[in-house]
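Reviewing the structure listed below.
Just so it is clear, the structure is predicted and the values come from calculations on it, not from any experiment.
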Amino acid sequence: QVQLVESGGGLVQAGGSLRLSCAASGRTFSSYFMGWFRQAPGKEREFVSTISWNGAITHYVDSVNGRFTISRDNAQKTVYLQMNSLKPEDTAVYYCAAYYTLTRSVPPSTLRSATSYNYWGQGTQVTVSS
């Protein structure tokens, strides 16, 4: 059992920055790949980024690659998403998710799929004005 709580969302102008945080509790945090997904009104949930237990493996959706950076602090059981050069199309509810696995070799397609993740936070709103 894992509980996830997102924070750090808000309203910013295009070109601005935000840092999202996701605090986890309940199980060994280092056993999880952590991911971020987002969902805009009228659109399907979209993969944003994921990170392995030691940070050695990271993936990003093409639209945010180079602008967003994912990181984690296992001692604090927290994962972060630094969001720079924000665009109006980044506007969405952002969700933190956890994927429990002892497998060291996980295909990128699995890490990018929402169905792989076992636990989800309630989401935090990010709004970028033009």
Side-chain angles (χ1 to χ4, degrees):
Q1 298 297 117
V2 173
Q3 295 79 46
L4 303 174
V5 180
E6 303 96 335
S7 62
L11 174 64
V12 298
Q13 293 182 327
S17 298
L18 286 173
R19 188 169 84 150
L20 305 183
S21 298
C22 174
S25 63
R27 295 190 67 180
T28 303
F29 185 69
S30 61
S31 298
Y32 292 83
F33 281 79
M34 300 298 298
W36 288 96
F37 293 77
R38 66 187 181 185
Q39 187 166 24
K43 297 184 178 180
E44 295 183 346
R45 183 171 49 189
E46 177 188 30
F47 168 80
V48 178
S49 185
T50 189
I51 186 169
S52 62
W53 71 273
N54 62 354
I57 301 171
T58 59
H59 296 280
Y60 300 90
V61 66
D62 288 345
S63 61
V64 310
N65 197 17
R67 299 188 296 120
F68 292 8
T69 302
I70 191 170
S71 61
R72 67 191 295 166
D73 184 339
N74 290 342
Q76 297 296 320
K77 298 182 179 180
T78 303
V79 63
Y80 304 95
L81 186 68
Q82 179 66 47
M83 309 164 66
N84 297 328
S85 302
L86 283 163
K87 304 175 181 179
E89 49 263 46
D90 295 319
T91 296
V93 176
Y94 283 70
Y95 296 92
C96 177
Y99 168 32
Y100 180 79
T101 181
L102 298 178
T103 301
R104 298 304 187 190
S105 180
V106 181
S109 60
T110 298
L111 296 173
R112 290 170 175 264
S113 175
T115 61
S116 300
Y117 292 79
N118 308 98
Y119 305 99
W120 293 83
Q122 294 183 338
T124 185
Q125 177 71 48
V126 172
T127 303
V128 184
S129 62
S130 60

Other residues, nucleotides, ligands: >12 heavy atoms within 6.0 Å of Q122 CD: no

S25 side chain reached by K77 side chain, heavy atoms, under 4.5 Å: no

Nearest non-hydrogen partners of M34 and C96, listed with the distance: CE-SG, 3.7 Å

Contact check, side chains of K87 and S63, non-hydrogen atoms, under 4.5 Å: no

Side chains of Y117 and T50, donor plus acceptor under 3.5 Å: yes

Donor-acceptor contact present, side-chain Y60 to main-chain I70, <3.5 Å: yes

Between CD1 on residue I51 and CG on residue L111, distance to nearest 0.5 Å: 11.5 Å

Spacing of CG belonging to L18 relative to CD belonging to Q82, to within rounding of 0.5 Å: 8.5 Å

Mutual orientation of the aromatic rings belonging to Y94 and F68 [parallel < 30°, tilted 30-60°, perpendicular > 60°]: tilted

L81 side, atom CG; W36 side, atom CH2 - distance, nearest 0.5 Å: 6.0 Å

Candidate list F47, Y99, Y95, test ring-ring contact (aromatic ring centres under 6.0 Å, His included), partner F37, passing option: F47

V48 side chain near V64 side chain, heavy-atom distance below 4.5 Å: yes

Distance, nearest 0.5 Å, that separates CZ of R45 from OG1 of T115: 8.5 Å

Exam field: side chain S85 to backbone G15, donor-acceptor pair closer than 3.5 Å: no

Exercise: identify the closest heavy-atom pair between Y32 and R72: O-NH1, 2.7 Å

Throw together a table of side-chain donor-acceptor distances under 3.5 angstrom for residues 123-130, partners on residues two or more places apart or in other chains.
{"unit_1": "T124", "atom_1": "OG1", "unit_2": "G9", "atom_2": "N", "d": "3.2"}
{"unit_1": "Q125", "atom_1": "NE2", "unit_2": "A92", "atom_2": "O", "d": "3.4"}
{"unit_1": "Q125", "atom_1": "NE2", "unit_2": "T127", "atom_2": "OG1", "d": "3.3"}
{"unit_1": "S129", "atom_1": "OG", "unit_2": "V12", "atom_2": "O", "d": "3.4"}

N74 (side chain) donor-acceptor with W53 (main chain) under 3.5 angstrom: yes

Smallest separation among heavy atoms of V106 and F33, with atom names: CG2-CE1, 4.0 Å

ILVMFWY cluster, Y100 and L4 together (side-chain gap under 4.5 Å): yes

Donor-acceptor contact below 3.5 Å, side chain S116 vs main chain T110: yes

Shortest non-hydrogen contact between H59 and I57, atoms and distance: NE2-CG2, 3.6 Å

From W120 atom CH2 to E6 atom CD, the distance as rounded to the nearest 0.5 Å: 9.5 Å

Non-hydrogen atoms of V79 and S71 that approach each other most closely: CG2-O, 3.1 Å

Interatomic spacing from CD in E46 to CD in Q39 - rounded to 0.5 Å: 10.0 Å

Shared hydrophobic cluster, L86 / Y80 (ILVMFWY, side-chain heavy atoms < 4.5 Å): no

